[in-house]
Amino acid sequence: MLHDTIAAVATPPGEGGIGIIRISGPAAVDIAGGLFRPAADRDWRSGPGYRLYYGHVVDPETGDTVDEVLLSLMRAPRSYTREDVVEINGHGGIVPLRRILQLVLDSGARLAEPGEFTRRAFLNGRLDLVQAEAILDVIRARTGDSLKVALGQLRGALSERIGTLRDALLQVLAEIEAGIDFPEEEDVPETLLENLVGRLAAAEDGCAALLTGADAGRVYREGLGVAIVGKPNVGKSSLLNALLRESRAIVTEVPGTTRDVIEETVNVRGLPLRLLDTAGLRETEDAVERVGVARTRAVIGEADLVLVVLDAAAGLREEDREVLALAGGKPSVVLINKIDLAPDGIEVAQVRALTGDRDGGDAADHPVLRVSIREGRGLDELEETIAGLVFGGQITGSQAVFISNVRHKTALERARRHLREARTALTGGLPLEMAVIDIRNALDAFGEITGVTVADDLLERIFADFCIGK
Ligand SMILES: Nc1nc2c(ncn2[C@@H]2O[C@H](COP(=O)(O)OP(=O)(O)OP(=O)(O)O)[C@@H](O)[C@H]2O)c(=O)[nH]1
Ligand SMILES: [Mg+2]
């Protein structure tokens with residue numbers, strides 16, 4: 001597969017100032033050469049790379065000019081894929097880009113699959129798997145801090161940490177394998193054994209340290225799903241708008257204004273939040289509406305964090321109890337809103353009694369805040385509380401290495417488990433071979449993260465997420 005030449009439009013579909021067609025592979029230069037007419041007959045093919053050459057793309061059959069372009073050439077191995085790469089910068093219109101791409105394909109290139117350029121960069125050893133995945137995270141970063149985490153991984157910060165753990169483990173493995181040759185197993189010197197166990201424990205700690213930040217890291221990558229729930233008219237849509245700092249959702253004094261779930265991404269202290277504004281949970285006759293309960297439950301079920309909004313002016317009501325009960329199993333923050341209208345309408349202690357948190361306790365599972373969304377009171381505190389919940393007081397944005405990808409997290413957890421088992425085998429006096437198996441498994445788990453040992457179907461899955469042209 002690496003012997004053919006691939007091509008795709010690398011810029012997003014639609015109109016733009018420029019559009020780029022990317023060609024990579026052994027025939028890239030020949031293919032571009034058959035279509036590109038440089039101005040002033042410059043011999044770009046034998047000229048230096050990393051330059052832009054001005055000219056036109058011409059249909060070789062009809063001689064028609066297709067577009068006025070700039071062409072760049074990055075020669076193997078100093079290119080994105082480590083193959084010869086030619087990029088044709090044309091005008092960013094759908095028709096010219098399509099016509100150029102078609103000419104490139106007619107000249108012998110194959111249409112690239114999603115992520116195939118990056119996949120080649122990985123297969124040719126320019127990037128490891130963590131870095132390849134980080135490229136997608138860079139493209140999709142929703143906040144400046146998300147970008148920072150992704151760039152750290154792209155630079156290789158995480159790979160380096162994994163590499164260090166892996167090297168240490170390979171060393172331990174080598175020494176144990178030497179130990180296996182001791183004539184009698186009892187003869188494995190006690191001090192050697194202790195030393196090996198200590199180093200396994202250190203590797204385990206290394207995994208644990210990386211895993212500490214994993215939940216916050218995941219938020220940077222995927223965003224934190226935050227559901228805003230409450231009975232009608234309490235100010236849910238007002239909250240969405242306030243956090244967004246724009247009037248996205250319709251706000252009226254009529255209960256039942258919001259009918260469908262509205263989703264918006266906001267940046268709160270560098271954290272990307274995926275906010276879901278929902279329709280209010282309402283009471284009909286004397287029972288809380290069933291459909292509403294089911295819908296609210298579903299939204300809460302998908303959320304990482306629930307914001308329960310109460311209306312101080314309306315007092316605590318049956319629907320509120322219902323909503324608080326539904327949100328009980330999830331991390332949540334309860335907002336007593338409209339304190340401008342009714343400063344003492346709902347007491348914090350009343351809410352605490354319902355959420356089961358002890359009043360006055362600092363470590364409440366469900367913090368209760370008094371706010372006036374209309375007047376912007378208490379919103380800073382809300383943002384701080386959310387950030388505090390994500391970081392759990394354990395990490396700061398300046399931490400250098402983050403695990404943000406669930407795939408990496410599961411592999412690390414697996415590595416840690418195998419390391420523990422290896423240690424238990426050694427201290428429990430089991431045959432050294434047992435520990436060797438566990439250590440090998442841990443090594444495999446590390447290797448899976450960076451792509452040293454990785455199955456084809458996993459690669460398939462990872463690169464399928466990319467766009468065409470990347
Ligand atoms: N006085 C006061 N009014 C508020 C406050 N927050 C929201 N409101 C008003 O409450 C009314 C309802 O606000 P919405 O944001 O539409 O409430 P909602 O929960 O989305 O309502 P539904 O979509 O109908 O469920 C509007 O008239 C808001 O202006 C507040 O802090 N103080
Ligand atoms: Mg609403």
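Just follow the structure's listing: the first ligand is 1, and inside any ligand the first atom is 1. In what follows, every heavy atom counts, from backbone to side chain, and hydrogens, waters and symmetry copies are set aside.
Contacts between V234 and ligand 1 below 4.0 angstrom, taking non-hydrogen atoms only, involve backbone and side chain alike. At a 4.0 Å heavy-atom cut-off, ligand 1 does not touch I339 at all.
Taking every non-hydrogen atom of P232 and a distance limit under 4.0 Å, the qualifying atoms of ligand 1 come out as 25 (O). When each atom of ligand 1 is checked for a heavy atom of T252 under 4.0 Å away, the hits are 11 (C), 12 (C), 13 (O), 16 (O), 26 (C), 27 (O). Counting the atoms of ligand 1 from 1 in the order shown, those under 4.0 Å from a heavy atom of P255 are 24 (O).
Between the OG1 atom of T258 and the OG atom of S237, the angle centred on the Mg ion (ligand 2) amounts to 90° when rounded to 10°.
For ligand 1, the polar-atom distance check against I373 finds a nitrogen or oxygen pair separated by under 3.5 Å.
By heavy-atom distance, the residue among G256, G280, S237 lying nearest atom 24 (O) of ligand 1 is G256. The nearest non-hydrogen atom to atom 19 (O) of ligand 1, considering only K338, K231, K236, comes from K236.
Inspection of the T143 and Y220 side chains reveals no N or O donor paired with an N or O acceptor under 3.5 Å. Using modelled atom types, one finds no donor on one side chain facing an acceptor on the other under 3.5 Å when comparing T65 with H56. S159 and T450 form no side-chain donor-acceptor contact under 3.5 Å, judged by distance and modelled atom types alone.
Geometric assessment of K470 against the ring of Y80 yields a positive cation-pi assignment under the 6.0 Å and 45° thresholds.
Not a single N, O or S atom of T278, from either the backbone or the side chain, sits less than 2.8 Å from the Mg ion (ligand 2). Note on S238: not counted as a metal contact of the Mg ion (ligand 2), no N/O/S atom lying under 2.8 Å.
Nearest to atom 32 (N) of ligand 1 among the protein's heavy atoms is D340 OD1, 2.8 Å. Among all protein heavy atoms, the one lying closest to atom 6 (N) of ligand 1 is N337 ND2, 3.1 Å. The nearest heavy-atom contact from the protein to atom 28 (C) of ligand 1 is V251 CG1, 3.6 Å. For atom 21 (O) of ligand 1, the nearest non-hydrogen atom of the protein is N233 N, 2.9 Å. The shortest contact between atom 17 (O) of ligand 1 and any protein heavy atom is with G235 N, 3.1 Å. Looking from atom 15 (O) of ligand 1 to the surrounding protein, the closest heavy atom is S238 OG, 2.6 Å. Of the protein's non-hydrogen atoms, the one nearest atom 9 (C) of ligand 1 is R374 NH2, 3.8 Å.
In this structure, T278 falls outside the shell of residues with a heavy atom less than 4.0 angstrom from ligand 1.
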